[in-house]
Asks: 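Here it is, the structure, as structure tokens.
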Amino acid sequence: MNNVFALIDCNNFYASCERIFNPKLENKPVVVLSNNDGCVIARSEEAKKLGIKMGQPYFEIKKMAQAGLVHVASSNFGLYGDLSQRVMTTLQYFTDEIEVYSIDEAFLDLSQIKKSDLTAYGQEIRKTIKQWTGIPVSIGIGPTKTLAKAASKVGKKQKQFNGVVNFYNSSETDQLLNSIEVDDIWGVGRQYGRMLKGFGVKTAGDFKNLKPAWVQKKMTKAGLLTWRELNGESLIEQSSGLEKPKSISSSRSFRQPVKSQKELEALIASYTARTAEKLRGDEMLAGEITVYIMTNRFDRENFYANSAKIKLPSPTSYSPDLIFWSQKALSKIYLEGLSYKKAGVYLSGLSNKNCIQSNIFIDEKRDNKKERLMRCLDHLNCRFGNNTIRSAAENFWGVSFLEQHFKSPNYTTWWSDLPKVKTG
DNA sequence: TCTGGGGTCCTAGGACCC
DNA sequence: TCTGGGGTCCTAGGACCC
């Protein structure tokens, strides 16, 4: 049977989210900033036309913002996550065969739809999502995921398609592939893009016509996979969504540099607590913990970055134990007198909670007690908001390290803005 | 002055063994 | 002590994704 994939891709997702509850922003340039209002992570079409780049630091566009030429929003991931769920729920109205690929993208398996109806079906999906959620989307349809992705790129750029491009058996496909820049292909990033352009391979069409042996040699296995997919061979299947993560991390850049070990310890403890919470949410245990710290990476001369990995004596998801080891790791790499700009915690060697080999040295009673304690903590933090209960080692200044000057209200989860319940 | 966060996979090369 | 080849395992780093 023939595969039919559709990629649903929300247009400029974060910027579109900001618009939904602030209609004055319609047709105006909008950008969304990263944590600490550091740099641009989303732009509306109008903002792109102003020449604002992805990843551009805020200070470079500050003048424009202050002159009212562009609306600036701090990131509000609570809002975006909630609107994402609404989009995904809407998709379920059309099919159960959904793979949520990222916060703003989903692959649908439409092999059950009659080939001649695909484009109309796509239009119906697009219209419904806009009506029900307010989010504009582009839809690409094709016999492989890579082609569906490419089709959605065309849909974003060429307005005559009204947001839905169908590569399935389309006679125009090759011509449209020639309109896609080579580094806009899914699987071809900056490095390979530069390399390919150096060889005169400028568009997706050029790439598709390369010799596979050459692609394999220059771009190894992954590059060849992309080439085969672009040539119509479906190799990347729908994923079930039941896969467990292989690693979990938490990190932050600081607006103000951090010098003291005490402060770093507190920050590392809170990142560790966050990773541990995610870990328990996935019903997993960690076998290794890595802590890393770094100074300002744009100051090349004085740049210091280091990390320390510790193999845990036995796999665990117990926050206090993980925090204990995180502090040990930090003490191995901390250097006095430096101004740190970023720190993070990385859990790896993950295993399923229920299929861990029992270890004769583990006291089972004590372990059950730890598990109950963590369940209780997770429950309270879920019920009353994050950080209601936390380890004394964690950063008790809370979010004071975060600067967000332009944050929109949590329109859809307003209760998360209510005052927190005081606990002792 | 001010530059995001969270992931996956692949490969080259070193360590070690026979 | 030196020489040589082949195999496996591990890890750091680099590519990619959103």
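Each chain gets a letter, A, B and so on, in the order the sequences are listed, and its residues count up from 1.
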Asks: Which pairs with one or both residues in residues 301-310 of chain A pass salt bridge (charged side-chain N to carboxylate O under 4.0 Å, His left out), sequence neighbours excluded?
Replies: Glu288(A)-Lys309(A)
Asks: If you measure from CG on Leu108(A) to CZ on Phe94(A), what distance do you get to the nearest 0.5 Å?
Replies: 9.5 Å
Asks: Any salt bridge (charged side-chain N to carboxylate O under 4.0 Å, His left out) involving residues 89-105 of chain A? Give me the pairs, sequence neighbours left out, ordered by first then second residue.
Replies: Glu99(A)-Lys145(A), Glu105(A)-Lys149(A)
Asks: Under 4.0 Å from any heavy atom of chain A: name the first and the last nucleotide of DNA chain C that qualifies, 5' to 3'.
Replies: dT11(C) to dC18(C)
Asks: Mind running ring pair (Phe, Tyr, Trp, His ring centres under 6.0 Å) on Phe298(A) and Phe303(A) for me, showing each step along the way?
Replies: CA-CA 8 Å; Phe298(A) 296 96; Phe303(A) 183 57; 9.4 Å; no
Asks: Side chain to side chain donor-acceptor pair (under 3.5 Å) for Asp9(A) and Ser138(A)? Distances and angles first, verdict last.
Replies: CA-CA 5 Å; Asp9(A) 194 341; Ser138(A) 298; over 6 Å; no
Asks: Considering heavy-atom distances to DNA chain B, does Thr220(A) or Pro57(A) have its closest nucleotide positioned more toward the 5' end?
Replies: Pro57(A)
Asks: Heavy atoms under 4.0 Å, any strand shown: does Ile185(A) hit a base, just sugar-phosphate, or nothing?
Replies: sugar-phosphate
Asks: To the closest 0.5 Å, what do you measure between NE2 (His71(A)) and CZ (Phe406(A))?
Replies: 9.5 Å
Asks: Under 4.0 Å, counting only non-hydrogen atoms across every strand here, what does Lys53(A) touch: a base, just sugar-phosphate, or nothing?
Replies: nothing
Asks: Would you say that Ile141(A) contacts Val165(A) through its side chain, given a criterion of any heavy-atom pair below 4.5 Å between the two side chains?
Replies: no
Asks: Can you run down the side-chain hydrogen bond (donor to acceptor under 3.5 Å, both in side chains) pairs that involve residues 330-345 of chain A, sequence neighbours left out, and say none if there aren't any?
Replies: none
Asks: What does Ile103(A) touch in the nucleic acid at a heavy-atom separation under 4.0 angstrom: a base, only the sugar-phosphate, or nothing?
Replies: nothing
Asks: Hey, what do you get for CG (Leu91(A)) to CD1 (Ile8(A)), rounding to the nearest 0.5 Å?
Replies: 5.5 Å
Asks: Could you check whether Lys197(A) pairs with Asp183(A) (Lys NZ or Arg NE/NH1/NH2 to Asp/Glu carboxylate O, under 4.0 Å)?
Replies: yes
Asks: Using a 4.0 Å heavy-atom cut-off, does Lys309(A) contact any base of the nucleic acid, only the sugar-phosphate backbone, or nothing at all?
Replies: nothing
Asks: How long is the straight-line distance from CD1 of Ile289(A) back to CG of Leu347(A), given to the nearest 0.5 Å?
Replies: 5.5 Å
Asks: Please list, by residue number, the residues of residues 331-342 of chain A whose heavy atoms come closer than 4.0 Å to an atom of DNA chain B; answer none if no residue qualifies.
Replies: Lys341(A), Lys342(A)
Asks: Using a cut-off of strictly less than 4.0 Å between a heavy atom of the residue and any atom of DNA chain B, enumerate the qualifying residues of residues 60-68 of chain A by number.
Replies: none
Asks: If the C1' atom of dC17(C) is compared with that of dG4(B), how far apart are they to the nearest Å?
Replies: 15 Å
Asks: Angle between ring planes, Phe107(A) versus Trp186(A), binned at 30° and 60°: parallel, tilted or perpendicular?
Replies: tilted
Asks: Can you name the residues that form a salt bridge (Lys or Arg N to Asp or Glu O under 4.0 Å) with Asp82(A), not counting sequence neighbours?
Replies: Arg86(A)
Asks: In residues 40-47 of chain A, what donor-acceptor pairs under 3.5 Å come from side-chain atoms, sequence neighbours left out?
Replies:
from	atom 1	to	atom 2	distance (Å)
Arg43(A)	NH1	Ile52(A)	O	2.8
Ser44(A)	OG	Lys28(A)	O	3.4
Ser44(A)	OG	Val30(A)	N	2.9
Ser44(A)	OG	Glu46(A)	OE1	3.0
Ser44(A)	OG	Ala47(A)	N	3.3
Glu45(A)	OE2	Asn12(A)	ND2	3.3
Glu46(A)	OE1	Arg19(A)	NH2	2.8

Asks: Just jot down the side-chain hydrogen bond (donor to acceptor under 3.5 Å, both in side chains) partners of Ser326(A), sequence neighbours excluded, or say none.
Replies: Thr272(A)
Asks: Quick one: on DNA chain B, does Ser247(A) or Phe77(A) contact a more 5' nucleotide (nearest heavy atom)?
Replies: Phe77(A)
Asks: If you look at every strand shown and take non-hydrogen atoms under 4.0 Å, does Glu105(A) touch a base, only sugar-phosphate, or nothing?
Replies: sugar-phosphate
Asks: Between Leu83(A) and Thr133(A), is any pair of side-chain heavy atoms under 4.5 Å apart?
Replies: no
Asks: Whenever both distances are under 3.5 Å in a Watson-Crick or G-U wobble pair, mark it; put DNA chain C into dot-bracket that way, with [ ] for crossing pairs and | when the partner is on another strand.
Replies: ....||||||||||||||
Asks: For DNA chain C, find the residues of residues 83-102 of chain A with a heavy-atom distance under 4.0 Å and give them by number; none if there aren't any.
Replies: Tyr101(A), Ser102(A)
Asks: List in numerical order all residues of residues 292-302 of chain A for which some heavy atom is under 4.0 Å away from an atom belonging to DNA chain B.
Replies: Arg297(A), Phe298(A)
Asks: I need the Ile310(A) CD1 to Gln327(A) CD distance, nearest 0.5 Å.
Replies: 10.5 Å
Asks: Verify whether the ring centers belonging to Phe199(A) and Phe207(A) lie closer than 6.0 Å.
Replies: no
Asks: So, Glu371(A) and Lys353(A), do they make that salt bridge, N to O below 4.0 Å?
Replies: yes
Asks: Across the strands shown, which category fits Ser250(A) at heavy-atom distances under 4.0 angstrom: base, sugar-phosphate, nothing?
Replies: sugar-phosphate
